[in-house]
Amino acid sequence: MARNFRRRGGEIDIIMLDGETLVFVEVRYRRSSAFEAPSLTVDVRKQRKLIRTAALFATSHPHLANRIMRFDVVAIEEGKAVRWIRDAFRPDDSAL
């Protein structure tokens with residue numbers, strides 16, 4: 001549906017439909033996980049930004065606003081398998 005959706009304060013790498021579910025995907029790449037695995041870089045602060053940006057996307061596309069929403073993370077580390085973490089985190093009331 002969209003790539004690199006940007007709004008003030010945030011960006012979502014990929015927005016897609018999985019059946020009836022609206023999926024927001026954060027892609028993280030690292031050459032090495034010597035310091036931290038790519039998936040661990042999506043901390044609570046980043047999650048809040050993604051959730052707020054997803055809400056802006058839904059507001060600007062009212063026909064999609066009532067769909068179930070899911071947040072996935074794709075973790076890529078050079079020379080290793082790509083990890084797609086489905087339903088990596090869920091919004092809570094404090095994120096909005």
Side-chain angles (χ1 to χ4, degrees):
M1 297 192 68
R3 288 188 325 186
N4 300 320
F5 176 80
R6 289 186 176 121
R7 289 295 181 265
R8 184 177 176 192
E11 176 186 4
I12 298 175
D13 296 320
I14 302 168
I15 302 171
M16 63 184 206
L17 285 174
D18 182 12
E20 294 296 314
T21 303
L22 186 58
V23 183
F24 301 94
V25 182
E26 175 67 10
V27 178
R28 301 303 261 194
Y29 170 82
R30 293 288 179 265
R31 286 184 189 248
S32 167
S33 63
F35 296 106
E36 188 172 35
S39 59
L40 296 178
T41 64
V42 184
D43 59 11
V44 172
R45 185 173 160 259
K46 179 63 176 177
Q47 291 174 18
R48 285 187 180 131
K49 287 176 116 176
L50 290 166
I51 292 163
R52 287 185 191 122
T53 306
L56 292 171
F57 179 84
T59 301
S60 63
H61 297 83
H63 64 287
L64 299 172
N66 291 327
R67 293 185 184 254
I68 294 171
M69 296 180 189
R70 187 177 84 213
F71 294 87
D72 292 1
V73 173
V74 173
I76 304 167
E77 186 178 338
E78 196 170 292
K80 295 192 177 182
V82 174
R83 258 183 85 205
W84 190 303
I85 306 165
R86 187 180 163 121
D87 207 11
F89 61 90
R90 293 176 182 234
D92 62 19
D93 293 336
S94 66
L96 300 174

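Index from 1, following the sequence.
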| remark: Exactly one of V42, D13, I76 clears side chain to side chain contact (heavy atoms under 4.5 Å, CB included) with R28, and that residue is V42
| Just one of I14, V73, L50, I12 clears the side chain to side chain contact (heavy atoms under 4.5 Å, CB included) bar with F24, so which one? | I12
| task | Apply the test side-chain contact (heavy atoms from CB on, under 4.5 Å) to residues T53 and F5: give CA-CA distance (whole Å), side-chain angles for both, the deciding distance (0.1 Å), then the verdict. | result | CA-CA 8 Å; T53 306; F5 176 80; 3.8 Å; yes
| Closest contact, heavy atoms only, K46 versus D43 | N-OD1, 2.9 Å
| message | Using every non-hydrogen atom in the two residues, find where A65 and A58 come nearest and quote the distance to one decimal. | response | CB-O, 3.9 Å
Is [Y] close to [X] at the side-chain level, that is, under 4.5 Å between some pair of heavy atoms?
{"X": "D18", "Y": "R70", "result": "yes"}
{"X": "D87", "Y": "F71", "result": "no"}
{"X": "L22", "Y": "M1", "result": "yes"}
{"X": "I68", "Y": "E20", "result": "no"}

Spatial distance of atom [atom1] ([X]) from atom [atom2] ([Y]) [nearest 0.5 Å]:
{"X": "I51", "Y": "L56", "atom1": "CD1", "atom2": "CG", "value": "12.5 Å"}
{"X": "R86", "Y": "D72", "atom1": "CZ", "atom2": "CG", "value": "7.0 Å"}
{"X": "T21", "Y": "M69", "atom1": "OG1", "atom2": "CE", "value": "10.5 Å"}

| request: Test V44 against R48 for side-chain contact (heavy atoms from CB on, under 4.5 Å), laying out the working first. | output: CA-CA 6 Å; V44 172; R48 285 187 180 131; 3.6 Å; yes
| Greater than 12 external heavy atoms within 6.0 Å of N66's CG | no
| said: Could you go through V25 and W84, starting from their C-alpha distance and side-chain angles, then the distance that decides it, and tell me whether this counts as side-chain contact (heavy atoms from CB on, under 4.5 Å)? | reply: CA-CA 9 Å; V25 182; W84 190 303; 4.0 Å; yes
